[in-house]
Amino acid sequence: MYKIVRKEDFSSVTKLFEVEAPKIAAKGKAGQFFILRVDEKGERIPLTIADYNPEAGTITTIFQEVGRTSKDLGKLEAGDYLVDVVGPLGESTEIENYGRVICVGGGVGVAPIYPIAKALKEAGNEVISIIGARNKELLFWEEKMASVSDKLIVCTDDGSYGQKGFVTDAVKQVADEMEINKLWAIGPMPMMRAMAATTKPLGIETIVSLNPIMVDGTGMCGACRVSVGGETKFACVDGPEFDGHQVDFDLAMRRLAYYKDEEKRAEAATTCGCGGGCGCHK
Amino acid sequence: MSQVKIKHEMPLQDAGERIKNFTEVALGYNEETAVAEANRCLNCKKPKCMEGCPVEVPIPEFISLIKEGDFKGAINKIKTKNSLPAVCGRVCPQESQCEKHCIVGIKGEPVGIGRLERYAADYELQHGGAKPGQKQQSTGKKVAVVGSGPAGLTAAGDLAKMGHQVTVFEALHVAGGVLMYGIPEFRLPKDIVQTEIEKIKELGVEIKTNYVIGQLDSVDELLEEGYDAVFIGTGAGLPYFMNIPGENLNGVYSANEFLTRTNLMKAYQFPNYVTPVKAGERVAVIGAGNVAMDSARTALRLGAKESYIVYRRSEKEMPARREEIEHAEEEGVKFALLTSPTEFNGDENGNLTSMTCIKYELGEPDASGRCRPVPIEGSQYEMKVDNVVLALGQGPNPLVPRTTEGLELTKRGNIAANEETGATNKPGVFAGGDIVTGAATVILAMGAGKKAARAIDDYLNNK
């Protein structure tokens, strides 16, 4: 059992958990993820690791309530326990001194971009960070991102905070003014696709972190397969980071949507109160 | 007493009924049948059957105890050598192991050794009372076992009996490996697997779940952290795909994924259990091994109206156990033989709708000794399918090999290990099971675990 030591509500749907996992906290690196189960009947879902605290023996994750499992998760409070936490999984980010880099976090993507920006900064890079959300309510960790960046640009789609517009617009502005050696972009699939489309003509090497459906997370099942440069890769052991210009985003997005109907049924099973017997969510 | 030529039949759940549930198909002997079957054993002075058993079960001895009605004695006798008798009694391919060598089998059917092993094991599960096995005095040596499948569990149980302190590291949230995620409930109930694992824990074995060696700790770190030896039994974890167009369409599963969702995550009880799995009206399983049969039979139980085995060779070459093929046939699984897909086709949402197949004919025998399938030109046709399950075998999981410095691998990426001892090129590091041999059977993995345990014991005594 893994204790939730801290919970923070960033918005009605965005939550932070700090979870006791001393070994992962000591071993994990930027770019890696973990898998959890909420309870004995729960599914295994991958979540990104937003921060490591080896002294306290904790890892931090930030998630958005979108389906049954993330909503079940959101109901837990500090002091509650997760039945399973396994990680760190995936390959870590290749951290070097590249020169000047951009780290883009869209929506909850700000969470996993933070440790990457931090590690890149520590490696001597000039780090320009761009974070964005649909509106002010959904933004978080502005100060934390500022603390590991040489420059921080904040955007909201509706202009309710920071600069109005998409993170892709901000990247274009920056790239107009100066040379960028490498870029990391993490966020919802459409945002990463748009980012890759933006940076390709600019010739900026772009790394994205994919979040496909996973089961075991150790290379055993192939649920997480993605196509990169025409080759099938397993995001869990070959990724989760890939060259954004090579990723088949359409395929990745279609694969994410495969269990839409089941998602609805799984959610209905918790809300109608019949426990599965009434047939309302067949 | 006149010799009964035929093995006593295993009572089965009716085929029409069982495809509607996930409960066990084979129901097991009752006491009377078990004793009668045991009486078919000649108690040979030189028991040939034992030559066929990778874990050296004293077969005539335990069968003699069943003849006498001493079922507790029988299970204790088996447990001196085999830590997972209820598992082996169900899933061992006895026809190609112990029973293949049985003298009674020359003039009739061999003694139902597997069925008797299962009877003794189930007797204990119901009545309890078996000894947890003889344990020697503590040696003070620590052994790490990576993976809690059949190889790891066997090595762990044997090493614990030898007096070593054993910790098993398991990547998933539950111990058992393929016994939990792969083999379906209707062939091997998961409660039974867990009960046998509990018995191994009673020997003093510690099992750490959610612990991925290769990510959290490397094998080298385990040695640095004070383990005197490491046994790697991580299995064949990387599913093969066909590399044909459309393979990443929604609805194309690896057998590992299809079975893991269903067995480990209990998707057959969705939405009570939250993990979903899909088996549409028509399901095609590519391949004809035991895993393919398990997948095709699972599809029926998940509600598929038609479930096909699609295999590019003929019936004779199908690698699955005869019994599994028969059970699949009884349940209505259809066989499209000498057939293989060349492309998967989907709709605008990327969901699988059909596959293009080509027919084959058999040519000259190839390197494997089996006739090489040759595609028949112009024989393409389209087969409508909602789901495809690829059961084409698995390669070695890369996590341990790629993080263990200097570990010698084979060309296929398996760990190179001595067949008799499991010793690798790294001192103190042993390996066995599918990670060494490539995908094989539960009992062969167990045999490798047993041999390695003995070699590790020797290594530790001389260290």
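Both backbone and side-chain heavy atoms feed into the values below; hydrogens, waters and symmetry mates do not. Residue numbers begin at 1 in each chain, while the letters A, B, ... track the order of the sequences.
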Using non-hydrogen atoms only, which part of [X] is less than 4.5 Å away from chain B: side chain, backbone, both, or neither?
| X | value |
| --- | --- |
| A:Tyr2 | side chain |
| A:Arg225 | side chain |
| A:Leu256 | neither |
| A:Val215 | side chain |
| A:Gln32 | side chain |
| A:Lys27 | side chain |
| A:Arg37 | side chain |
| A:Leu251 | side chain |
| A:Val38 | neither |
| A:Leu89 | both |

How many angstroms lie between atom [atom1] of [X] and atom [atom2] of [Y], to the nearest 0.5 angstrom?
| X | Y | atom1 | atom2 | value |
| --- | --- | --- | --- | --- |
| B:Arg261 | A:Glu43 | CZ | CD | 8.0 Å |
| A:Lys41 | B:Lys266 | NZ | NZ | 10.5 Å |
| B:Phe258 | A:Cys221 | CZ | SG | 13.5 Å |
| A:Tyr259 | B:Phe270 | OH | CZ | 10.0 Å |

| query | What closest approach, in Å, do A:Ala266 and B:Val274 show between heavy atoms, and which atom pair accounts for it? | reply | CB-CG1, 4.4 Å
| request: Please report the shortest heavy-atom distance between B:Leu216 and A:Pro88, naming the atom on each side. | output: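 Where B:Leu216 meets A:Pro88 most closely, the heavy atoms are CD1-CD, 3.4 Å.
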| Donor-acceptor side-chain pairing of B:Tyr211 and A:Lys23 below 3.5 angstrom |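 A pair is found: one side chain offers a donor N or O, the other an acceptor, under 3.5 Å apart.
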| Are B:Thr260 and A:Asp216 close enough that a side-chain donor and a side-chain acceptor fall under 3.5 Å? |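 Their side chains do not contain a donor-acceptor pair, so the 3.5 Å distance test is not met.
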Pick whichever of [options] has the most heavy-atom pairs under 4.5 Å with chain A.
| options | result |
| --- | --- |
| B:Gly214, B:Pro239, B:Ser254 | B:Pro239 |
| B:Ala255, B:Gly235, B:Ala267, B:Gly237 | B:Gly237 |
| B:Leu238, B:Leu259, B:Asn250 | B:Asn250 |
| B:Gln215, B:Met265, B:Glu247 | B:Gln215 |
| B:Val252, B:Thr209, B:Leu264, B:Asn243 | B:Val252 |
| B:Gly251, B:Ala171, B:Gly350 | B:Gly251 |

Does any N or O in the side chain of [X] come within less than 3.5 Å of the main-chain N or O of [Y], such that one atom is a donor and the other an acceptor?
| X | Y | answer |
| --- | --- | --- |
| B:Asn256 | A:Met220 | yes |
| A:Arg255 | B:Asn248 | yes |
| B:Lys278 | A:Tyr258 | yes |

| note | Counting heavy-atom pairs under 4.5 Å with chain B, the top scorer among A:Gly222, A:Ala223, A:Ser227 is A:Ala223
Heavy-atom neighbours of [X] [atom1] exceed 12 at 6.0 Å:
| X | atom1 | answer |
| --- | --- | --- |
| B:Glu405 | CD | no |
| B:Lys142 | NZ | yes |
| A:Glu96 | CD | yes |
| B:Gln194 | CD | yes |

| task | Check each of B:Leu172, B:Asn210, B:Val174 against A:Asp84 using the side chain to side chain contact (heavy atoms under 4.5 Å, CB included) test, and report the only one that passes. | result | B:Asn210
| query | Would you call B:Arg402-A:Glu91 a salt bridge at under 4.0 Å N-O? | reply |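 Here B:Arg402 pairs with A:Glu91 in a salt bridge, since their nearest N and O are under 4.0 Å apart.
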